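To keep things clear, I will list the structure first and then write my remarks on it.
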Amino acid sequence: MNIADDRLKYVLILLLAGLQVGGIVMVFINLRIAMFLFIGYGLALILLILLMVWERREEKREELNYDDCDY
């Protein structure tokens, strides 16, 4: 798709990894901060899934346009 979409996906994946590790570490230090980190993790995960679903629908729409070709 687009380079910006790919960069956004990579940033979200890095954010997910950081929030997950940070949340696990903070469970032992401060439970309130850990809770906020896991909420952020959930929101970032939902955003990444929605972005991938939206991208797949765009690809599917493009594939349907190519199927109408006559040979």
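All figures in this text were calculated on a predicted structure; none of them were measured in a lab. For this chain, numbers begin at 1 and follow the sequence in order.
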Would you say [Y] ends up clustered with [X] if hydrophobic residues are merged whenever their side chains have heavy atoms under 4.5 Å apart, either directly or through other cluster members?
X   : Y   : answer
I49 : I13 : yes
L19 : M52 : yes
V53 : L51 : yes
L43 : F36 : yes

Please collect all salt bridge (charged side-chain N to carboxylate O under 4.0 Å, His left out) contacts where either partner lies in residues 8-32, sequence neighbours excluded, each pair once. D6-K9, K9-E55
Quick one: salt bridge (charged side-chain N to carboxylate O under 4.0 Å, His left out) pairs with a partner in residues 33-44, sequence neighbours left out? none
Measure the CD-CG distance between Q20 and L37 for me, rounded to the nearest 0.5 Å. 11.5 Å
To the closest 0.5 Å, what do you measure between CG (L45) and CG (L50)? 9.5 Å
Return the minimal non-hydrogen interatomic distance between A34 and G23, and the atom names on each side. CB-O, 3.7 Å
Do Y41 and L16 have side-chain heavy atoms sitting under 4.5 Å apart? yes
Are I29 and I33 packed together at the side-chain level, in the sense that at least one heavy-atom pair is separated by less than 4.5 angstrom? no
Partner of L47 by side-chain contact (heavy atoms from CB on, under 4.5 Å), out of L12, L15, L8: L12
